[in-house]
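Inspection log for the structure reproduced underneath, given as structure tokens.
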Amino acid sequence: LGPQEMSAAASSNAPLRAPLRGDFTTAEEEEYEKQLAQIESEFQSSQKALTDYLKYKQRQLPQLQIGRSCMVVGAATALLVIGVLSGFLLSKSNVIPDPTFVCHGDKVDTDIETACWRISRVSVAGARRLQEETATPYSCLPHYRLFVDGNRKRVTFGYHSNTDLYKGGSQTMAMIVVHGALRDSDDYFCMMNGLMKQQKFRNPNDVLIITPDFVYAKDWGVIASDAFWNHSKPEGDWRAGAHSDPTSGHGRPVSSFQVLDSFIHALNDTTLFPNMNEIALVGHSAGGQTVQRYAFSTLLPPKLRSDLDWRFVIANPSSYAYLSPIRPKFSCGDCDCTSKECVCSEACTVDEDDPHVDQKIAFHTPPDKFNRDSTGGFVCGHKYYNQWPYGLESPQPYAAQRPMNVSLELYPKRDVVYLVGQNDTCNDNIPVCNNDCWQRDNACFRNQMDSRCPAMLEGPWRKLRGLLYKRYLEKFYGRPVHHFDVVPGCGHNATCIFYSPTALKYIFHLNHTTMAEDV
């Protein structure tokens, strides 16, 4: 069954039965006939999905009895078929979803493997919020709340994890994985749960996974104490370190970076996690933007304690925080820029097939009168191009708590990794598609890449933006800093990036890497 049918069947507490003809209006009867005509194909699809599930459970839980599984398959298939017949009527109900189909709230009994299977197969089973604030229930994953530091336990923040942080544990490593723009923390948890089991560096039982859940006001399950954010992007967004909405958290706004500090403080508590020796803060795409700005701004020291290291793994972000006003100088014809994006008329003045193209682009300070009509040879013009989060001017209150020169001094001392996909070279707002673009056959789709003018001034696509930022940091500090790598065969895909041998060594084997190994 498709997501709509599953959602319909899940959206009511009404008894599940085949509707009677007398219950229908003429229009509803016509709809009923259409659904009947589809039953055979839908039923076959249901059987295949449930058969896949049975095979999955047999692989994951060998002790599962075949007889019991068959009973589950038979009962579930019957239930799904009835859902097809009555779905369009049940979908009219606003009753809280039946937990048989969708788990909601903080206390659930579903095991992690089953919850992740549901998320991968049926979109309505997981949070999977879109930016339009689609109200969807929590997934069946364990969901906990953290008290944000400095608020007398008045402000809470939700997260998925394989344990409640306040109960502590014997784990030696923690991964804090920041989700992307879709805010699908359940998807990211399941992805990293699979990764944890495949890696060979640590015993999976020693690894703690945490996926913070940055919510908006209308998201499902938000309570009065929860910090939530708004749509004021980029300055007012969670990925830039902005404070939460003033009406959230009992009227106590907190920075998203303060939230991340709170996670680190909990993991650094030896009474809770006496064996903890490594923390990896990981982010892809919008999550990568968050982690990069946090790595620069955090008020915590580069070394948490003598026996506890922490590392920032930044993958395929749309932009970086530049530390001075200079930017790479290139152009792409005439670029028509709005507050949301730039659309350019020509191919950019960069040789896309040159493997050393990043080495041939010069950095300059834009002219004083930097605007759309006087770009000075740059790709576009914007008088606020150097403001936070693209530059260091007008920083968020969290970053402004410490003198900027101190943050600049500490940044190269932090253990930071930048990963870019070899094929994350797409920009559908440029008329010529890069030959390496992983979406070349799909109109060069850029996967929600930031193409505002301040972002375009960092490069035409994500891979080049990363390589140019590497060069920029070397120029700024006068020496190589941090770790940089290009991940072969990957576009803008978190699973491809994080499951690669390149990412595995950085995430799970912190002391294994040296500067000599980098690109």
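The analysis underlying the following values was restricted to heavy atoms, covering all of them including side chains, and did not include hydrogens, waters or symmetry mates.
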Is the closest side-chain heavy-atom distance between [X] and [Y] below 4.5 Å?
X	Y	result
His284	His179	no
Arg293	Ser319	yes
His265	Asp149	yes
Tyr294	Phe312	yes
Trp310	Glu278	no
Ser285	Gln448	no
Met196	Leu208	no
Arg465	Met449	yes

Considering all heavy atoms of both residues, which atom of [X] and which atom of [Y] are nearest to each other, and what is their separation?
X	Y	value
Tyr398	His243	N-CE1, 4.4 Å
Arg305	Asn268	NH1-OD1, 2.6 Å
Trp229	Val254	CZ2-O, 3.6 Å
Asn386	Ser324	OD1-O, 3.5 Å
Phe296	Leu323	CE1-CD2, 3.7 Å
Ala315	Ile497	CB-CG2, 3.9 Å

Open item on the list: Tell me whether the NZ or CZ atom of Arg183 lies within the 45° cone about the ring axis of Tyr216 and under 6.0 Å from its centre.
Closed with: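 Flagged: Arg183 positioned over aromatic ring of Tyr216.
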
Task: Results of ring-ring contact (aromatic ring centres under 6.0 Å, His included) for Phe228 - residues two or more places apart only - done: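 With sequence neighbours excluded, Phe228 shows a ring-ring contact (aromatic ring centres under 6.0 Å, His included) to no residue whatsoever.
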
Report the distance from atom [atom1] of [X] to atom [atom2] of [Y], rounding to the nearest 0.5 Å.
X	Y	atom1	atom2	answer
Ile210	Ile279	CD1	CD1	8.0 Å
Met191	Ile209	CE	CD1	10.0 Å
Ser318	Arg239	OG	CZ	8.5 Å
Leu272	Lys167	CG	NZ	12.5 Å
Asn405	Ser407	CG	OG	8.0 Å
Arg462	Arg446	CZ	CZ	9.0 Å

Just checking, any donor-acceptor pair under 3.5 angstrom between side chains of [X] and [Y]?
X	Y	result
Asp206	Gln171	no
Thr156	Asp226	yes
Ser225	Arg154	no
Asn316	Tyr418	no

Task: Among Thr211, Val291, Leu267, side chain to side chain contact (heavy atoms under 4.5 Å, CB included) partner for Ile176 - done: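 With Ile176 as partner, Thr211, Val291, Leu267 yield a single side chain to side chain contact (heavy atoms under 4.5 Å, CB included), made by Leu267.
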
Task: Among Phe263, Phe273, Phe147, ring pair (Phe, Tyr, Trp, His ring centres under 6.0 Å) partner for Tyr166 - done: Phe147

- [ ] Would you check, one step at a time, whether the test ring-ring contact (aromatic ring centres under 6.0 Å, His included) holds for Tyr411 with His482?
- [x] CA-CA 9 Å; Tyr411 194 45; His482 301 157; 4.7 Å; yes

Task: Trace of the side-chain contact (heavy atoms from CB on, under 4.5 Å) decision for Val417 with Arg311 - done: CA-CA 8 Å; Val417 175; Arg311 167 171 287 178; 3.8 Å; yes

Open item on the list: Please evaluate residues Val155 and His250 with respect to the criterion side-chain contact (heavy atoms from CB on, under 4.5 Å), reporting the C-alpha separation (whole Å), side-chain torsions for both, the decisive distance (0.1 Å), and the verdict.
Closed with: CA-CA 7 Å; Val155 183; His250 294 302; 6.0 Å; no

TODO: Could you tell me whether Lys303 and Asp415 have a side-chain N and a carboxylate O separated by less than 4.0 Å?
DONE: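 No, this pair does not count.
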
Would you check if the side chain of [X] reaches a backbone N or O of [Y] as a donor-acceptor pair within less than 3.5 Å?
X	Y	result
Asn162	Val207	yes
Tyr159	Leu165	yes
Thr298	Ala295	no
Asp307	Asn277	no
Tyr472	Leu467	no
Asn493	Cys496	yes
Asp269	Thr271	yes
Ser161	Asp164	no
Tyr506	Leu419	no
Ser297	Ala399	no

- [ ] Verify whether the ring centers belonging to Tyr469 and Tyr322 lie closer than 6.0 Å.
- [x]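 Centroid distance Tyr469-Tyr322: below 6.0 Å, so yes.
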
Open item on the list: Is there a side-chain contact (heavy atoms from CB on, under 4.5 Å) between Tyr320 and Tyr390? Walk through the geometry before answering.
Closed with: CA-CA 6 Å; Tyr320 303 81; Tyr390 303 101; over 6 Å; no

- [ ] Begin from the C-alpha positions of Cys426 and Trp461 and carry the test side-chain contact (heavy atoms from CB on, under 4.5 Å) through to its verdict.
- [x] CA-CA 6 Å; Cys426 310; Trp461 44 76; over 6 Å; no

